Number of protein chains: 2
Amino acid sequence: MALEHAILVSLLEQPGSGYELARRFERSIGRFWNATHQQIYRVLKRMESDGWVNSEAIGQDGRPDKRAYSVTGDGRDQLVEWLREPVQPEAVRHELAVKIRGAAFDDDAGRTALIAEVVRYRAEHETTLNRYLTGEKRDFPDDTDLDTGQRLQHVVLRGGIAYERMLLDWLDDVLETLRKI
Amino acid sequence: MALEHAILVSLLEQPGSGYELARRFERSIGRFWNATHQQIYRVLKRMESDGWVNSEAIGQDGRPDKRAYSVTGDGRDQLVEWLREPVQPEAVRHELAVKIRGAAFDDDAGRTALIAEVVRYRAEHETTLNRYLTGEKRDFPDDTDLDTGQRLQHVVLRGGIAYERMLLDWLDDVLETLRKI
DNA sequence: CCTTGCTATGCAACTCGTTGCATAGCAGGA
DNA sequence: TCCTGCTATGCAACGAGTTGCATAGCAAGG
C-alpha cells in the first residue's frame with residue numbers, strides 16, 4: 001500500500017491540513033490515487049507517530065483547530081526509498097467491463113437499460129475530460145517556462161487526458177456493439 | 001463490492017472449480033477484475049451458502065476432490081439485479097503516476113532509476129498488448145459469425161487493447177519528459 | 001535422487017478501505 | 001426561521017483484500 005506516499009508527494013507539493021488533503025485528493029492527485037477523509041486522517045496520525053510528518057495546531061475562531069502538516073526529512077527519505085522500488089502491478093477493477101460481459105445473460109430489456117447506463121457513464125467522463133482540458137489551459141499555458149515539478153505534473157495530466165479520450169472512443173464502440181445486438 | 005458478480009459472469013460463461021476460476025481470473029476476466037485464489041474460495045463458499053451457486057464434488061485419483069461450481073437460478077437473478085444498478089465510480093490507483101510526480105522531490109540519480117523502471121514497465125505492457133492481439137486473432141478471427149456472448153467479450157477485449165495502446169503512447173511521452181529534465 | 005512446480009483446497013492473522021455517525025459553529029437561501 | 005451545506009476532525013464497526021502457511025500427490029528436469 002502506498003497512500004502514505006501519495007500523501008507525502010501531495011504535502012511536498014504543498015503543505016496543508018487533513019481536510020485540505022482530502023479536498024486535493026478529490027481533485028488533483030486523487031485522479032490517480034483516491035482516498036476518503038477517514039483514511040487520510042488515520043494515515044496522517046500514523047505518519048506523524050512514525051516521524052514522517054510534523055503537525056502544527058492552528059487556532060481558528062469559531063471552528064475546531066486545524067492541524068497543518070508538513071513533511072520531515074525522514075518522510076522525504078521514505079518517499080525517495082519508495083520511488084526506487086519497482087512499480088507494483090495494478091489491481092484492475094473495471095466494473096463496467098464485467099457488466100458488459102454479463103449482459104449476455106440478461107434479456108433485451110436489460111441490455112437496453114445497460115445502453116442507457118453507458119450513455120450516462122460516457123457523459124460523466126466527457127465532463128471529466130473537459131475539466132482536465134480546462135485545467136491544462138489554466139495551469140500549463142506555456143510549456144517552455146515550467147519547472148521540474150510542473151513538467152511532471154503536466155505529463156501526468158496528459159496521461160489522464162489520454163485515458164479519458166481512449167475511454168470515450170471505446171464507449172462509442174461499446175454502444176455501437178450493444179445497439180447491434 | 002462485486003467479486004461475486006464477476007464470478008457469476010465467469011461461471012455462466014463456463015462452469016468450473018475454484019482453482020479453475022482463479023486461473024481464469026489471471027487470464028481472461030481478471031484483466032478487468034482481479035482476485036486471488038483465497039478470495040475466490042471464500043466468496044464461493046458464501047455464495048453457495050446464499051444459494052447463488054451449486055457445487056458438486058468430483059473425485060480424482062491421487063488428488064484432492066475438485067468442487068465444480070455452477071450458477072443457480074437465484075444466482076442468475078442476483079446477477080441481473082446487479083446489472084441494472086448504476087456503475088460505481090472507479091477507485092483509481094495509479095502508482096506510477098504518483099511516482100512520476102514524486103520524482104520532483106528526488107535527485108538526478110533517482111530520476112534515472114525511474115526512467116529504467118518506466119522502460120521495464122513499458123516492456124511489460126507491450127507484452128500484455130501482444131497477448132491481447134494474439135488472443136483476438138485466435139478467438140475472433142471473423143467478426144460476422146459471433147453470438148451475443150462472443151460479441152460482448154470481443155468489445156471488452158478491444159477495450160483492453162485500446163487501454164494498452166494508450167498506455168504505451170503515454171509512457172513514451174513520460175520517457176521523453178523525464179529525459180529532458 | 002532431489003528439487004521445483006503444478007493441481008486443488010483451505011486456515012489464520014493482519015492490514016486496508018468503507019460506512020455510519022458525531023460534534024460544532026458559521027453562511028446563505030427558501 | 002429553519003434547513004442545508006460547508007469547514008474540520010474524529011470514533012467505531014464492519015467488510016474486503018493480502019500474506020504466510022499447510023496439506024498432498026504427481027510430473028518433469030537437472
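Letters go in sequence order (proteins before strands), and every chain restarts at 1. Everything quoted here is computed from the prediction, not taken from an experiment.
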Margin query: Nearest whole Å is fine: how far is dA16(D) P from N34(B) CG?
Written below: 16 Å

Notebook entry, point to check: the helix from dC1(C)-dG30(D) to dA30(C)-dT1(D): angle between its terminal axes, five pairs each, to 10°?
Noted result: 30°

Margin query: As a quick check of understanding, evaluate side chain to side chain contact (heavy atoms under 4.5 Å, CB included) for E95(A) and W82(B), giving each step before the final call.
Written below: CA-CA 11 Å; E95(A) 195 183 316; W82(B) 173 75; 3.6 Å; yes

Next item on the list: State whether R93(B) places a side-chain N or O below 4.0 Å from either non-bridging phosphate oxygen (OP1 or OP2) of dG17(D).
Entry: no

Notebook entry, point to check: Quick one: which of L8(A), V9(A), I7(A) gives a side-chain contact (heavy atoms from CB on, under 4.5 Å) with V98(B)?
Noted result: V9(A)

Margin query: Out of the candidates N54(B), L12(B), V53(B), only one should pair with S70(B) under the side-chain contact (heavy atoms from CB on, under 4.5 Å) rule; please name it.
Written below: N54(B)

Next item on the list: Rounded to the nearest angstrom, tell me the gap between atom CE in M47(B) and atom C1' in dG15(D).
Entry: 16 Å

Note to self: Please determine whether a side-chain nitrogen or oxygen atom of Y19(B) lies at a distance below 4.0 Å from atom OP1 or OP2 of dT9(C).
What the structure shows: no

Notebook entry, point to check: Would you say dT15(C) has OP1 or OP2 under 4.0 Å from some side-chain N or O of R46(A)?
Noted result: no

Next item on the list: Start with the C-alpha gap between W52(B) and V71(B), add the side-chain angles, then the distance that decides, and say whether side chain to side chain contact (heavy atoms under 4.5 Å, CB included) holds.
Entry: CA-CA 6 Å; W52(B) 297 18; V71(B) 178; over 6 Å; no

Check: Does the side chain of S17(A) get closer than 4.0 angstrom to OP1 or OP2 of dT9(D) through an N or O atom?
Finding: yes

Check: What is the distance, rounded to the nearest whole Å, between atom CG of L3(A) and atom P of dT18(D)?
Finding: 16 Å

All N/O contacts under 3.5 Å from nucleotides 10-13 of chain C to the protein, with atom names and distances to one decimal?
from    : atom 1 : to     : atom 2 : distance (Å)
dG10(C) : O5'    : K45(B) : NZ     : 3.3
dG10(C) : N7     : Q38(B) : NE2    : 3.1
dG10(C) : O6     : Q38(B) : NE2    : 2.6
dC11(C) : N4     : Q38(B) : OE1    : 2.7
dC11(C) : N4     : Q38(B) : NE2    : 2.2

Item checked: Integer-rounded Å distance: dT9(D) P and E56(A) CD -> 13 Å

Checklist line | Interatomic distance, L44(B) CG vs dT9(C) P [rounded to whole Å] | finding: 9 Å

Note to self: Tell me the interatomic distance from F25(A), atom CZ, to dT18(C), atom C1', rounded to whole angstroms.
What the structure shows: 16 Å

Checklist line | Integer-rounded Å distance: dC6(C) P and R23(B) CZ | finding: 8 Å

Check: Please give, in whole Å, the distance from dT19(D) P to Q39(B) CD?
Finding: 11 Å

Next item on the list: Can you label the angle between the H125(B) ring and the Y121(B) ring as parallel, tilted or perpendicular, going by 30° and 60°?
Entry: tilted

